[in-house]
Amino acid sequence: ISDALVPAGTPVSTTAVKARLEPGGKAILYETAKPGRIVGLRLGPAAAFAGGGRDILIRAYWDGAAEPAIDCPAGDLFGYSFGDPAARSLMLGTTAEGVNYVYFPMPFERGARIELVSERASGGESAGVDFEAEIVTAPVGKKSVEGRFHARWRRENPCTEGQPYTYLRTTGRGHVVGVILQAQGLETGSTNFFEGDDRAVIDGELAVPGTGSEDSFNGGWYDVPGRWETRTSLPMSGCLDYKKPQARTGGYRFFLTDSYAYAKSIDYTIEHGPEGNAVPTDYASVVLFYAQDPPPAGEAMRPVGERRVRGLERVVFIPGWNVPIHTMSLQNAVWTKASSAVGKERVRLFSMKTSGEDVFGPHHVSFVCDLPEAGRYTISVKAVLGPDQGILRVFERDRPAGEAVNLYAAERTVAGPLRLGTFEMRKGENIVYLHLVGSDPLSKGMGFEIAELIFEKAKEE
C-alpha cells in the first residue's frame, strides 16, 4: 500500500465476501463500528454488473449517516461505458481478468457500511448475481483535516435546453477529485454536443473556464484517426468510447493535483453544444469528491426505469468517412472515397467501379457496423442512382438475402433510403456484406456510390 494512502508501516487487512445478490435484495460488502479507512475495493466478476440496466446500486454510509455518501449504479462507479466495462485507470476501472476496482481512500471516524442493492426484476437466469468482493482497510481513522469520500451519480435525458449540464453544485468545504461522463447524443452521426466547455465556479469566482469537452478529458481533436476516436485508458484520464454513428462518447479525468478544492462552494458544469446548450443530449455522470462535513443532500436516485442506457433507434453509417471495412473484392475493382456534387447536393461517397469479374463471384464490400442494442433492424442505403450503377443486395452466409435494389437511372441523382431488408443484429459489431448481383439492361457499367448505410429498429408486429 502506498504511503499516500496510509502511513508507512501501518498494517492493512482484507475482508473477503462471496455471496449471491437476489433480485430486489441487498448484500453487505463491509460493515464496521470502529474508526478506519478503506484503501481498496475490488468487486467481480465485472460481467455480473454489465448491461444497460444500471439496476444494481453500490452505496456507502460513513459514521452513521442516514444518507449514502456513495450512491451510484455499480458499473458506472467503476467507469463502465453505457453498460460495458471500459476504464482501466490508476484510481478505478476493470482489470483484464474482469475485476472492478477503486483505490480512492475512504476514511471514517466511527464506522462504515458498504452495500449492494439490486433493483432487478425477478425472473430470468441473469436476475440473480453471484459476486466476490475484497475490501482492503487500515486502522487509521479520519483526521480532522480530511474529508469523507463521496460519489454522486446524475443523469439528464434530455439535458435542459439553454442550460449547461451540472456535474456538481454543493456548499461546504471539499475537493472534487474526479468526474466520469457518458455522453449520448440524440441524432445519429454527430457528436457536436462535445464542442461545449466545462466550467467550474469555485467559492463564487470562475476558476476553470474550459476550452472544449474533449479538452477537459485531455483528449483534444477528437474524431481524428489515431486521436480521441477509440477507447483509451491512461492513469489519470481517458476516453470511455467514441462511436460517431451512435452519437456516443464519454471520458474520465481525476483531479488529484488540480485546483478543484473549494472552501465555501462549487458549481461545476459542462455545456452540451458549441453554443447556447442547444444540442439535445442524454448525459450521465459520476462526480467523485471529498467533503469535510456532510454536504447538503443531492438529488434522489432516479427510479430504475429512468436510469437505463438508451441507444438510438436509428443509426446511420457514412462509408465515405471512417466506417471500418472488413473485406472487399479481391480483383478488377476500384474503390474511392470522395465528396462529390450530385445535382444541388454535395455528398460524401464510398464508390466502387468494376472492370471484370471477381475471383470469388459477385463483387462485394463488407462493413463493420457497431449497433447499440441487439434486435431486428431494417437496413437501407442512401445512394447515387446513375447510368453506370448496378444492382445491390445484402448477403448472409454467402447467400442472397433481403431485397435487391436497382441503382440505375438515366441521370445521376441521390436517392434513399432504399430498403435492403430486415435482419437480426447483435449488440456491438456486425459485419454487413453488400454484393453487386448484376446490372440493369440499360446500365453502362456495374458499380455503386453509397452515401449512407442506415439501420432502423424494426417495429414489433
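In what follows, every heavy atom counts, from backbone to side chain, and hydrogens, waters and symmetry copies are set aside.
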Taking atom NZ of Lys34 as the centre, report whether more than 12 heavy atoms of other residues, nucleotides or ligands fall under 6.0 Å from it.
no
Side chain to side chain contact (heavy atoms under 4.5 Å, CB included) between Ser233 and Tyr252: does it pass, once the steps are laid out?
CA-CA 9 Å; Ser233 281; Tyr252 66 85; 3.4 Å; yes
According to the interplanar angle, ranging from 0 to 90°, do the rings of Trp335 and Phe350 count as parallel (below 30°), tilted (30 to 60°) or perpendicular (above 60°)?
tilted
Evaluate the ring planes of Phe108 and Tyr30, with Trp represented by its six-membered ring, and classify them as parallel (under 30°), tilted (30 to 60°) or perpendicular (over 60°).
tilted
Cationic N near anionic O, under 4.0 Å, Lys264 to Asp203
no
Is Asp63 salt-bridged to Arg148, going by a charged N under 4.0 Å from an acidic O?
yes
Using 30° and 60° as the class limits, which term best fits the ring planes of Tyr165 and Tyr167: parallel, tilted or perpendicular?
perpendicular
Between Thr166 and Thr269, do the side chains contain a donor N or O and an acceptor N or O under 3.5 Å apart?
no
How about CD on Glu275, more than 12 heavy atoms from neighbouring residues, nucleotides or ligands closer than 6.0 Å, or not?
no
Residue pair Ile379 / Val432: nearest heavy atoms and the distance that separates them
CD1-CG1, 4.3 Å
For Asp197, side chain to side chain donor-acceptor pair (under 3.5 Å) partners two or more places apart:
none
Heavy atoms from other residues, nucleotides or ligands near CD of Glu345 exceed 12 (cutoff 6.0 Å)
yes
Between the side chains of Ser366 and Thr327, does any donor sit under 3.5 Å from an acceptor?
yes
SB check Asp84 Lys427 (cutoff 4.0 Å):
yes
Salt-bridge test for Arg155 and Asp282: reply yes if a basic N is under 4.0 Å from a carboxylate O, no otherwise.
yes
Sorted by chain and number, sequence neighbours left out, side-chain contact (heavy atoms from CB on, under 4.5 Å) with Arg227 holds for Trp221, Val224
Residue pair Ile56, Arg120: steps toward the side chain to side chain contact (heavy atoms under 4.5 Å, CB included) verdict:
CA-CA 7 Å; Ile56 296 179; Arg120 289 184 177 174; 3.7 Å; yes
Distance-minimising heavy-atom pair for Pro296 and Arg152
O-NH2, 2.6 Å
Decide yes or no on side chain to side chain contact (heavy atoms under 4.5 Å, CB included) for Phe217 and Thr249, but give the supporting numbers first.
CA-CA 11 Å; Phe217 297 105; Thr249 188; over 6 Å; no
Taking the six-membered ring of Tyr377 as reference, does the cationic atom of Lys457 (NZ for Lys, CZ for Arg) lie under 6.0 Å from its centre and within 45° of its axis?
yes
Under a 4.5 Å cut-off applied to non-hydrogen side-chain atoms, are Arg199 and Pro164 in contact?
no
Would you say the rings of Tyr433 and Phe367 are close, in the sense that their centroids are separated by under 6.0 Å?
no
Ring-plane angle category for Phe289 and His150, please: parallel below 30°, perpendicular beyond 60°, tilted otherwise.
parallel
Kindly give the heavy-atom pair with the smallest separation between Arg88 and Tyr101, and that separation in Å.
C-OH, 3.3 Å
Do Trp153 and Asp71 have side-chain N/O donor and acceptor atoms under 3.5 Å apart?
no
Pair Asp55 + Arg308, salt bridge at N-O below 4.0 Å
no
Is Leu90 close to Met236 at the side-chain level, that is, under 4.5 Å between some pair of heavy atoms?
yes
Side-chain donor-acceptor pair present, Asp76, Gln182, cut-off under 3.5 Å
yes
Could you pull out every donor-acceptor pair under 3.5 Å between side chains of residues 35-50 and any protein atom, sequence neighbours left out?
unit_1	atom_1	unit_2	atom_2	d
Arg37	NE	Val140	O	2.9
Arg37	NH1	Glu146	OE2	3.0
Arg37	NH2	Gly141	O	3.0
Arg37	NH2	Glu146	OE1	2.7
Arg37	NH2	Glu146	OE2	3.4
Arg42	NE	Glu134	OE1	2.9
Arg42	NH1	Tyr103	OH	3.3
Arg42	NH2	Glu134	OE1	3.0

Please determine, by modelled atom types, if Tyr80 and Asn100 share a side-chain donor-acceptor pair under 3.5 angstrom.
yes
